[in-house]
Number of protein chains: 2
Amino acid sequence: MSRPREFDMDAALEGAMDIFWRQGFAATNLPDLLTAMGLTRGSFYKAFTDKETAYLKALDFYDQAVVSTTVETLASCKTDTASACLAQLFAPSPEPRRGCFICNAMVELAPVNHRVAVKANRMSRRLRGAIEARILQHRPAADPDWSAAAADMILHLYFGHQAMGKSEDLPGGWPGKLANLLGETAARP
Amino acid sequence: MSRPREFDMDAALEGAMDIFWRQGFAATNLPDLLTAMGLTRGSFYKAFTDKETAYLKALDFYDQAVVSTTVETLASCKTDTASACLAQLFAPSPEPRRGCFICNAMVELAPVNHRVAVKANRMSRRLRGAIEARILQHRPAADPDWSAAAADMILHLYFGHQAMGKSEDLPGGWPGKLANLLGETAARP
DNA sequence: GTTGTTTTGTACTGATCGGTTCCTAATTGC
DNA sequence: GCAATTAGGAACCGATCAGTACAAAACAAC
């Protein structure tokens, strides 16, 4: 029916994700957002109704694009140990100081926006599930309580790492640290 | 030097810390801030020059009021194990969804404001130092590399916990988790 | 082509933003 | 007392905010 939209929805969402991820919700104004999405006001408001809706769709896009990739990477890596695989979560990002969109959203908006909180929590759980699956893959006989707690800890470490990484360069050594945490190495002194 | 200021500087700074802590920098407008500080525009701009300066002073106040208290609490608690003491860092907050001001500042502003980053990093290091001191207090003979790595992990866990806690209620069990991490319990299955 | 429908771009809106001006009130030093 | 100085308060400022109105343009159905 009638005139089709000219812009590419995925490209626009990727642009929105990018700018919100980097700048947050409140610090991103409409001109910034429109430039990042490659849209003018007219098309933007026709397709997204308002800035909050665009943010929520950007979160969904992150889920589908970034979180899914991470989950698949964790599921398919060919390392001998769980720690070596999970250490990827702590590898330096190609773009520094950007952190993780989930973490940014949790800190900036989740307390005052329930829909953001729900989406952030759902993505957190996806990550946690992928982490736990990876742990169980290497220790199929592990106590379920222990593997759940370990996955929880690593998810906490991940978000802490993302938060601190927005403020300074962090030291590496994560394969070893995670190996200790997961009991892959001998007991400490 | 003429007329003395009427307002109490510490009370004003505490108000500023409170509102910035809860709402962040960008989401706090001047009327909000003035109400929280108990000031009118005239006094505010006379004493703080601008919103950013007020935010930086609020961070300093947090350092002096909250971080110092935490550091002292960690140094003086009378527990048998380091884990029991450090578990206080993960206790539920009296005011939920507020998180930790350092973590909020790191995520919202550190990437684009160097002075915020410097202050956040300094406070992080203070916390880390207190954590490590507590670990060494219970294991004076520990390998320094190990205790440093353990303190680092717990600091990461702390910030991750604060970030996730802004989005949902988190399960407890931290004394046990930390005991495992610090090797206070028997090896896992 | 004509009609109907939807997208697009621009001009515009009222509200709110952080910050300034400026006058009055209160205090100190003399 | 008086002069000098600073705090406090309210009115005001241009800039910018998110969002709207509307006309022109592009397509589909016929």
Side-chain angles (χ1 to χ4, degrees), chain A residues 1-61 104-105 108-109 112-116, chain B residues 1-61 104-105 108-109 112-116:
Chain A
M1 359 160 116
S2 71
R3 182 176 179 180
R5 84 161 40 110
E6 283 176 14
F7 70 88
D8 180 75
M9 176 58 85
D10 270 11
L13 285 174
E14 187 178 345
M17 173 186 77
D18 213 61
I19 194 86
F20 281 135
W21 186 355
R22 215 171 309 130
Q23 306 189 352
F25 179 79
T28 300
N29 60 17
L30 233 71
D32 284 352
L33 181 57
L34 296 175
T35 302
M37 300 179 77
L39 301 182
T40 58
R41 272 180 141 79
S43 320
F44 173 81
Y45 278 104
K46 186 107 351 196
F48 297 96
T49 72
D50 64 6
K51 189 181 158 187
E52 186 197 342
T53 304
Y55 185 88
L56 292 167
K57 296 218 167 143
L59 274 180
D60 286 338
F61 189 85
N104 299 353
E108 184 191 1
L109 285 180
V112 295
N113 187 318
H114 184 248
R115 307 206 291 193
V116 170
Chain B
M1 354 155 131
S2 70
R3 180 176 178 182
R5 79 161 43 109
E6 283 174 15
F7 70 88
D8 180 77
M9 177 58 86
D10 270 12
L13 284 174
E14 186 178 345
M17 174 187 76
D18 214 61
I19 195 85
F20 280 136
W21 186 356
R22 214 169 315 125
Q23 305 189 353
F25 179 79
T28 300
N29 60 17
L30 231 65
D32 285 351
L33 181 56
L34 296 175
T35 302
M37 300 179 77
L39 301 181
T40 57
R41 275 180 139 78
S43 322
F44 173 81
Y45 278 104
K46 188 112 356 198
F48 297 95
T49 72
D50 64 6
K51 189 181 159 188
E52 186 197 342
T53 305
Y55 185 87
L56 292 167
K57 296 217 167 144
L59 274 180
D60 287 338
F61 189 86
N104 299 353
E108 185 192 0
L109 286 180
V112 294
N113 188 318
H114 184 248
R115 306 206 292 193
V116 170

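Here is how names work: the chains are called A, B, and so on, in the same order as the sequence lines, proteins then strands, and each is numbered from 1.
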Measuring only between side-chain heavy atoms, which start at C-beta, is Thr53(B) closer than 4.5 Å to Tyr45(B)? no
Lys57(B) side, atom NZ; Thr49(B) side, atom OG1 - distance, nearest 0.5 Å: 7.0 Å
What integer distance in Å separates [X]:[atom1] from [N]:[atom2]?
| X | N | atom1 | atom2 | answer |
| --- | --- | --- | --- | --- |
| Lys51(B) | dT16(D) | NZ | C1' | 13 Å |
| Leu33(B) | dT16(C) | CG | P | 18 Å |
| Tyr45(A) | dA18(D) | OH | P | 7 Å |
| Arg5(A) | dT5(C) | CZ | P | 19 Å |
| Phe44(A) | dA11(C) | CZ | P | 20 Å |
| Leu39(A) | dT10(C) | CG | P | 13 Å |
| Leu30(B) | dA10(D) | CG | P | 15 Å |
| Glu52(A) | dG19(D) | CD | P | 9 Å |

So, does Glu108(A) use its side chain to make a donor-acceptor pair with the main chain of Gly24(B) at under 3.5 Å?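 No; judged by distance alone, with no hydrogens or angles, the pair does not exist.
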Side-chain donor or acceptor of Arg41(B) under 3.5 Å from a matching atom on the base of dG18(C)?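 Flag set: donor-acceptor pair detected.
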Tell me which nucleotide among [options] gets nearest to the side chain of [X].
| X | options | value |
| --- | --- | --- |
| Arg3(B) | dA26(D), dA26(C), dG9(C) | dA26(C) |
| Thr40(A) | dT7(C), dG18(C), dG9(C) | dG9(C) |
| Ser2(B) | dG19(D), dT6(D), dG9(C) | dT6(D) |
| Ser43(A) | dT8(C), dA7(D), dG19(C) | dT8(C) |
| Glu6(B) | dG9(C), dG19(D), dG8(D) | dG8(D) |

Mind telling me whether Tyr55(B) and Phe25(B) have parallel, tilted or perpendicular rings, with 30° and 60° as the class edges? perpendicular
At 4.0 Å (heavy atoms only), tell me whether Thr49(B) reaches a base, stays on the sugar-phosphate, or touches nothing. nothing
Identify, between Lys46(A) and Pro31(A), the residue whose nearest nucleotide on DNA chain D lies closer to the 5' end.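 Closest to the 5' end, via its nearest nucleotide, is Pro31(A).
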Quick check on DNA chain D: between Ala26(A) and Gly42(A), whose nearest nucleotide comes earlier from the 5' end?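 Nearer the 5' end of the strand: Ala26(A).
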Here's a test for you: under side-chain contact (heavy atoms from CB on, under 4.5 Å), which of Thr35(B), Leu33(B), Leu34(B) qualifies with Met37(B)? Leu33(B)
